[in-house]
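Presented below is the structure to which this report refers.
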Amino acid sequence: MEYNHREIEAYWQKYWDENGTFTVSNKSERPKYYVLDMFPYPSGAGLHVGHPLGYIASDIYSRYKRLKGFNVLHPMGYDAFGLPAEQYAIQTGQHPAVTTENNISRYRSQLKKIGFSYDWSRELRTCDPKYYKWTQWAFLQMYHHWYNNDTQKAEPIATLTAEFERNGNQKVNAAHSEVPVFPAEVWNGLSDGEKAEVIDAYRLAYRAKTMVNWCPKLGTVLANDEVKEGLSVRGGYPVVQKPMVQWLLRVSAYAERLLEGLDRIDWTDSLKEMQRNWIGRSEGCEMFFDIADSEVKMKIFTTRPDTVYGVTFMVLAPESEYVDQVTTAEYRDAVQQYRADAGKRTERERMSDTHSVTGQFTGAYAINPFTGSQIPIWISDYVLVGYGTGAIMAVPAHDSRDYAFAKKFDLPIIPLIEGADVSTESYDAKEGIMMNSGMFNGMNVLEAKQAAINEVEKLGIGNRKINYRLRDAIFSRQRYWGEPFPVYYKDGRVQTLDITKLPLELPEIDSFLPTEDGEPPLSRAANWKTPEGYPYETSTMPGFAGSSAYYLRYMDPDNNNALVSKESNEYWQDVDLYIGGTEHAVGHLIYSRFWNKFLFDLGVVCKDEPFKKLVNQGMIQGQSKFVYRIKGTNQYVSYGLKDDFDTQEIHVDVNIVKNDILDLEAFKQWRPEFADAQFVLEDGKYICGSAIEKMSKSMFNVVNPDTIVERYGADTLRLYEMFLGPIQQSKPWDTGGIEGVYRFLNKFWRLFFNANGDFEVSDAQPVEAELKALHKTIKKVESDIEIFSYNTSVSQFMVCVNELTSLKCNKRAILEPLVITLAPFAPHIAEELWKLLGHNESISDAEFPKVDERYTVDSTKTYPVAINGKTRFTLDLPANADKDEIEKEVRANDRFKQLIEGKSVIKVIIVPGKMVNFVVK
RNA sequence: GCGGGUGUGGCGUAAUUGGUAGCCGCGUUAGACUUAGGAUCUAAUGCCUCACGGCGUGGGGGUUCGAGUCCCUUCACCCGUACCA
């Protein structure tokens, strides 16, 4: 019987579905194991061969863990809210719910064809009201909580107001927005409206006017991680900075815990480092500078208080609130002009031009609290309004940016560190002995820094301060296709919906464009108000809202009373293995850790960190192919001859190129313009050029998994994607090599069939060589799976099958365990053979074979025999030979005798199992 | 600039973690069976050399009896990040 992957795979996929083979229960005697994939955004383009890479790796691990006796939770779902569906809706008028549904169906059928062992009964999607009920619920919880820095956790707002009533906010150590200090009497005298305003400054979900990333083309604000190099990640449109009132999540409150938690999880160093940089902790101090002839005290943040004697000017961000307070009448116009110019530049322009130094003097002077000297205050866009206080003390001698500014505007530069030459560039290193620094002279930089902070605190002009780069996440989008906020407005004040009223479902609207006056699409919904007539919030939540806690929902997907029940959460605990791409390093993976920590504070979840181990799969790139058209003709010249002509490079569909050779007929039929194409061939063939590029439609290099599955089968696809190289590495797809894996599966299949093509296995006792082939494979695969080295496992299977083929081994005692070992990788063929071997149960209920160590070691060991370190020949010796035996054998060897003839042995170095070296003279 | 990572045959990769570099696969070459081969099987395949032999893990240096692996130095590429005070 031939290996017919189409029949086999269709049969077993149906079998798994109908028998609920991979449906798991929240109760089991077996230990739990939770393997999660980053759920996909179901785009209109469908899956390409790159997408399943991580899914295959996690599926192998899940199936393996199951064979090892674990109760494995391995779910799949869809991150279904988001911009592309809505953009598509704007263009075509199709409702995003419809296109999303279609895309999900397509994804699901593509995934099923690859034979994943998902528990499909737990499938979820973020746009389902039953799901987003809990996204809205979590938002409300954040709204009703504040972050207590003393207890390092979120607490209900009621505990805060109780404290206000008793002691005001003087003793409250909270993460909060700007708010004045007040005693209890003041608090108790406030009106309800005034109180509400104060409380808003403490909520973990709050509304505030801040500088936001506004993308005019998308008509929405974006979070920092949704902007890259000044362009929107989705669509690549320019982004500008604009002050707007928005919902925010106080992610910054958790900065320290997000940082600290990294030490306790098993992620790659590079990913942890990315998160550390994103959080951007820096230690320093805040310091007030008096302004000459003014009441204003200017607060700055610095990490180098030790250099305060070298401050020769101050710089404000153009948008800083201090600018209006300090600018003198004489300079008002010039300052206004500078601000206007700076405001006009898009983020992109500002960033592409980081080297030109611009600035404007304000006419005002600050007083250096340590030297008493007056120093000019400038504004410049190299100081950012969003970091620190938006104002800096400039120390040109020891900061390269301040240095460039000082040089440009001819400001004084005072060196503060002995031996530092600042005539051509600043000395930024944080080491050396201080000078020109009054009381700090003679100290090294680190001592001086501490001394300076102490002095600042003693003088009462500032205090020690840790600053984070991590900002609060802007949480509203002026968009339709997202979770509605469960809030409405009464007399301009926020009112939250009662939890029993959730979910607040997305209403139908007739058009997905923003309204004429720039209001979000939800303003078009006629009845977007409470029964009492109060208007609901018209923004919706951003993409990361729905993806921040989905891993919890899988634990208990149908629960209508809680995000996840206590029992279910305590059983599944956390994600043991999370596989996904690095692109979520500072977005999703920060937000979900934040979200999870918040839920942990509430007691809803039992683990502080959601993802114990995380593996990043690399990307599978496309291998683009090119033809070369001689300019102005319809003639195409083969790659090797193209330099003889003036040619134009044209992308050609990779599916009509094999081993770089173009299928000429297919090319002519590909597009009408090529129908009459003429070719200049080399050796009778047309050779294409190639390049590694991102897999995308526009490069014609997309390989669809469906066509691979149809031609070679899912098992071949799975094995081949793993065989391509280490999963963590990015690598180009090359359909050429897949034949080798396909051949392997055919060879494997043939082991079970005799010359007539009938299934036949023998019950004869295996011989040592066969047992060795088997047990070496089990051992290798077992240890490879644990370290995600799947490519070497596949190689090992090939070696094993080659050996068994040449041994003509068809023994049950060898083949049966081998099928189980292969099952995680190639589940369909394994199931089929398992059935042929006479088993009625699915192979996924089998037990992973035990390694018999007797057969994993060789009885002889090949030693390199070296003379003076130079390997001369090799010698086979018993594997367990000791030093004396080895030396005796070597000395008795004829080749050895010949080589050392006339010389005397000075020293013998033997490492049993490894090497023999004779030092001779 | 800063942070992380990678350099091994024509290509994807492997190397018991300091012990015969190149496993497995692709590709290529030759042969067998074939009307045919884009099917299957067999063999060869790092480079130079008819051969003996020599050279080989980006370059240079070092430690070691022995280095792809450790140390120093240098070059190249990839990823992330960017005026964060």
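The sequence lines fix the lettering, A, B, ..., with proteins before strands; numbering per chain opens at 1.
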Provide, to the nearest angstrom, the distance between the CD atom belonging to Q621(A) and the C1' atom belonging to rG12(B).
12 Å
Can you tell me how far P in rC72(B) sits from the matching atom in rG5(B), rounded to whole Å?
14 Å
Work out how far the P atom of rC11(B) is from that of rC65(B), and round it to whole angstrom.
36 Å
Under the rule syn = chi within 90° of 0, otherwise anti, which is rG9(B)?
syn
Regarding P732(A), tell me which of base, sugar-phosphate or nothing describes its non-hydrogen contacts under 4.0 Å with the strands shown.
nothing
Taking pairing as Watson-Crick or G-U wobble with both contacts under 3.5 Å, can you name the mate of rA43(B), or confirm there isn't one?
rU29(B)
Nucleic acid contacts - residues 786-808 of chain A versus RNA chain B, non-hydrogen atoms under 4.0 Å
N791(A), T792(A), S795(A), M798(A), V799(A), N802(A)
Contact nearer the 5' end of RNA chain B, comparing S730(A) with K747(A)
S730(A)
Residues in side-chain hydrogen bond (donor to acceptor under 3.5 Å, both in side chains) with Y309(A), at least two apart?
none
By the Watson-Crick or G-U definition, both distances under 3.5 Å, rG22(B) is matched with none
When the C1' atoms of rA76(B) and rU57(B) are considered, how many whole Å apart are they?
16 Å
Between rG3(B) atom P and I279(A) atom CD1, what is the distance in whole Å?
18 Å
Using side-chain heavy atoms (C-beta onward) and a distance below 4.5 Å, is V323(A) in contact with R339(A)?
yes
Whole-angstrom distance between rG10(B) and rC79(B), as gauged at atom P:
25 Å
Mind checking if V911(A) touches a base, just sugar-phosphate, or nothing, with heavy atoms under 4.0 Å?
base
chi for rU17(B) classified (syn = within 90 degrees of 0, anti otherwise) as syn
Between E853(A) and T856(A), do the side chains contain an N or O donor and an N or O acceptor separated by less than 3.5 Å?
yes
Select one nucleotide: of rG3(B), rC41(B), rA85(B), the one nearest the side-chain heavy atoms of T303(A).
rA85(B)
When the nearest nucleotide of RNA chain B is assigned to A391(A) and to D663(A) on a heavy-atom basis, which residue is associated with the more 5' position?
D663(A)
So, for S806(A) and E803(A), which heavy atoms are closest and what is the spacing to 0.1 Å?
OG-O, 2.9 Å
Determine whether I620(A) and L724(A) make a side-chain contact, defined as any pair of heavy atoms from C-beta on separated by less than 4.5 Å.
yes
Taking OP1 and OP2 of rG38(B), is either one under 4.0 Å from a side-chain nitrogen or oxygen of R743(A)?
no
Base-pairing mate for rC77(B) - Watson-Crick or G-U, with both contacts under 3.5 Å
rG5(B)
Distance check, P atoms only: rG46(B) and rA67(B), in whole angstrom units.
23 Å
Please determine, for rA85(B), whether a Watson-Crick or G-U wobble partner exists with both distances under 3.5 Å, and give it or none.
none
Is it the case that D784(A) and T792(A) place a side-chain donor and acceptor less than 3.5 Å from each other?
yes
Among F313(A), Y322(A), F409(A), whose ring-ring contact (aromatic ring centres under 6.0 Å, His included) with W378(A) holds?
F409(A)
How many whole angstroms separate atom CG of L662(A) from atom P of rG38(B)?
17 Å
Rounded to the nearest angstrom, tell me the gap between atom OH in Y382(A) and atom P in rA85(B).
13 Å
I'd like to know if the side chain of Y720(A) reaches the main chain of T735(A), judged simply by a donor and an acceptor atom lying under 3.5 Å from each other, with no hydrogens or angles considered.
no
Between M722(A) (CE) and rA14(B) (C1'), how many Å, whole number?
17 Å
Please report, rounded to the nearest Å, how far the P atom of rA85(B) is from the CZ atom of F289(A).
16 Å
Would you kindly give the CZ-to-P distance between R471(A) and rA82(B), to the nearest whole Å?
10 Å
L724(A) CG to rA14(B) P, in whole Å, measures 11 Å
Are the side chain of K731(A) and the backbone of P726(A) linked by a donor-acceptor contact shorter than 3.5 Å?
yes
Pick the P atom in rA44(B) and in rG25(B), then give their distance to the nearest Å.
13 Å
If you look at every strand shown and take non-hydrogen atoms under 4.0 Å, does E739(A) touch a base, only sugar-phosphate, or nothing?
nothing
Residues passing the side-chain hydrogen bond (donor to acceptor under 3.5 Å, both in side chains) test with H775(A), sequence neighbours excluded, are none
Residues from residues 304-320 of chain A lying under 4.0 Å of RNA chain B - heavy atoms
R304(A)
With Y427(A) via ring pair (Phe, Tyr, Trp, His ring centres under 6.0 Å) - residues at least two apart:
none
So what does I909(A) touch, heavy atoms closer than 4.0 Å: a base, only the sugar-phosphate, or nothing?
base
Counting side-chain heavy atoms from CB outward, which of rA85(B), rC24(B), rC65(B) is closest to T302(A)?
rA85(B)
What interatomic distance, in whole Å, is found between C1' of rC33(B) and the corresponding atom of rG18(B)?
49 Å
Rounding to an integer number of angstrom, what distance separates rG59(B) and rG9(B) when you compare their P atoms?
10 Å
For Y742(A), all residues meeting ring pair (Phe, Tyr, Trp, His ring centres under 6.0 Å), sequence neighbours excluded:
Y712(A)
